[in-house]
There are 2 protein chains.
Amino acid sequence: MQKSLSIGDLSRATGVKPTTIRWYEAEGLLPEPGRTAGGHRAYAASHLQRLGFIRHARELGFAMPAVRALLDLAAEPEQDCGKAHAAAMSQIEAIDAKMRQLTALRAELSRVAEACQGGRVAECRIIETLADHTHGHCLGSGHGVIC
Amino acid sequence: MQKSLSIGDLSRATGVKPTTIRWYEAEGLLPEPGRTAGGHRAYAASHLQRLGFIRHARELGFAMPAVRALLDLAAEPEQDCGKAHAAAMSQIEAIDAKMRQLTALRAELSRVAEACQGGRVAECRIIETLADHTHGHCLGSGHGVIC
DNA sequence: GCTTGCACCTCCAGTCGCTAGAGGTCCCAT
DNA sequence: ATGGGACCTCTAGCGACTGGAGGTGCAAGC
């Protein structure tokens, strides 16, 4: 009989918190493990590996649906890996878009911050800029703002 | 009597959706406007200005508590604007941190993606890299991962 | 004056990826 | 046998909105 791993063992081995591991299970990312007589989860090495896979993918910024797709892909070694490459490229594209946005933001912010000479709020360019309603507004809203 | 603005007018003028405007009101960012006889919100110019301020601040990446702080600050023109400057600087610092993280992520991703030659999944470096549990893991989890 | 149809109303639930807490049980080392 | 940490389930909460259901108001055209 193989020695089984507790949820704490998995947590220490991967750096993923126990609560998160349970959540992955509830979401169907991680198969339900066996249980001890008392009801504690008893994992096999395969769980550890799969959890590591999930964690790496998450660290690389893949969203949950993408992680699922990659997991499915990894389960079929004879398939073409074009999809994995496409997922990676689209992730890179998303990062580039985010970086462009942040760069623009940073420039605007530092421009505004430099203009503040530390006087009274009445003369502060930061407050003034924010209050200036002649600014054009961006397309979209929330996370996907395009300026 | 001044002509009043509907929520739709505010929305068109600022690019903030009506639902979001109502939400800002519920959160106390925007004061409750008057109402028409039929119960529709009737805004004054001051609401438009305040909403514009909120939107600009949000566009610059300020979180809601920071937006609240800036609004409070803007209401007291005699105060020192050092706080506004500090808020802007800390926002810039946050953006820089995010950019560093994204840069590292992008490098890792493109390294991994380049190694994929488009063969079968079995030989795909993308899948392989993700499955490789010898990778060290990062500190923290969720949004604040540090590698 | 009446109809039409869009804009508006409230309330509730969902998004994403976890995280935290309450209240209870199990397991292992001493 | 016992103590205390690790584990269990269940529920609610985070930020910053978004969307839908089901119903009402308002203004323009006839």
Side-chain angles (χ1 to χ4, degrees), chain A residues 3-30 32-43 47 51 54-71 91 94 98 138 140-145, chain B residues 3-30 32-43 47 51 54-71 91 94 98 138 140-145:
Chain A
K3 74 166 196 268
S4 69
L5 303 158
S6 73
I7 199 168
D9 294 333
L10 250 74
S11 179
R12 276 181 295 278
T14 62
V16 178
K17 293 180 185 173
T19 42
T20 306
I21 296 173
R22 282 190 284 264
W23 180 76
Y24 284 161
E25 179 186 328
E27 289 297 295
L29 284 176
L30 212 51
E32 289 186 26
R35 297 280 182 153
T36 66
H40 287 199
R41 286 169 178 79
Y43 294 95
H47 288 101
L51 181 57
I54 295 167
R55 183 174 60 83
H56 290 319
R58 294 287 303 128
E59 274 171 14
L60 287 174
F62 289 100
M64 300 300 284
V67 173
R68 272 176 223 273
L70 287 169
L71 280 167
Q91 184 56 26
K98 194 90 196 168
C138 300
S141 68
H143 296 297
V145 179
Chain B
K3 75 163 197 271
S4 70
L5 302 158
S6 72
I7 198 169
D9 293 333
L10 252 74
S11 178
R12 275 182 295 278
T14 61
V16 178
K17 293 181 186 171
T19 42
T20 306
I21 296 174
R22 283 189 283 263
W23 181 78
Y24 284 160
E25 179 186 327
E27 290 296 298
L29 283 177
L30 212 51
E32 289 186 26
R35 298 280 182 152
T36 66
H40 286 200
R41 285 169 179 79
Y43 294 97
H47 288 100
L51 181 56
I54 296 168
R55 184 175 59 83
H56 290 318
R58 293 288 303 128
E59 274 171 16
L60 287 175
F62 290 100
M64 299 300 283
V67 174
R68 272 176 222 274
L70 287 169
L71 279 168
Q91 184 56 27
K98 194 89 195 169
C138 301
S141 68
H143 296 296
V145 178

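Fair warning: this is a prediction, and the values are worked out from it, not measured in the lab. Naming convention: chains lettered A, B, ... in sequence-line order (proteins, then strands); numbering from 1 in each chain.
A straight line from NZ of B:K3 to C1' of D:dC26 spans 18 Å, rounded to a whole angstrom. In this structure, B:L30 places its CG atom 16 Å from P of D:dA16, rounding to the nearest Å. In this structure, the CD atom of A:E25 is 9 Å from the P atom of D:dC8, given to the nearest Å. Distance, A:F62 CZ to C:dC16 C1': 17 Å, rounded to whole Å. One can place CG of A:L29 at 10 Å from P of C:dG17, the figure rounded to the nearest angstrom. When rounded to the nearest whole Å, the span between CH2 of A:W23 and C1' of D:dG13 equals 15 Å. Rounded to whole Å, the distance from CZ on A:R55 to P on C:dG17 is 17 Å. Rounded to whole Å, atom P of D:dA27 lies 11 Å from atom CG of B:D9.
At distances below 3.5 Å, not a single donor-acceptor pair connects side-chain atoms of A:R55 with backbone N or O atoms of A:V16.
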Along nucleotides 20-30 of chain C, 5' to 3', which nucleotides get a B, which get an S, and which get a -, given that the test is a protein heavy-atom distance under 4.0 Å? S-----SS---

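Among the heavy atoms of the strands lying under 4.0 Å from A:R22 is at least one base atom, whether or not backbone atoms are also near.
Between B:R58 and B:A63, the shortest heavy-atom distance links the atoms NH1-CA, 3.9 Å.
For D:dC8, the OP1/OP2 oxygens have a side-chain nitrogen or oxygen of A:R41 closer than 4.0 Å.
A:Y24 is linked by a ring-ring contact (aromatic ring centres under 6.0 Å, His included) to nothing, counting only residues two or more places apart in sequence or in another chain. Residues that satisfy the side chain to side chain contact (heavy atoms under 4.5 Å, CB included) test with B:R22, not counting sequence neighbours, are B:I7, B:P18, B:T19, B:R41. Applying the ring-ring contact (aromatic ring centres under 6.0 Å, His included) rule to A:H47 yields the partners A:Y43; only residues at least two apart in sequence or on another chain are considered. Residues satisfying the side chain to side chain contact (heavy atoms under 4.5 Å, CB included) criterion with B:Q91, sequence neighbours excluded, are A:L109, B:F62, B:I95. Take B:S4 and apply the side-chain hydrogen bond (donor to acceptor under 3.5 Å, both in side chains) test, not counting sequence neighbours, and it matches no residue.
When the nucleotides D:dC7, C:dC8, C:dC18 are ranked by their closest atom to the side chain of B:S6, C:dC8 comes out on top. Closest to the A:A63 side chain, of the nucleotides C:dG17, D:dC7, C:dT10, is C:dG17. Proximity note for A:R58 (side chain, C-beta onward) versus C:dC9, C:dG17, D:dC7: the nearest is C:dG17.
Residues A:Y24 and B:P18 each lie close to DNA chain C; by heavy-atom proximity, the contact nearer the 5' end of the strand is made by B:P18.
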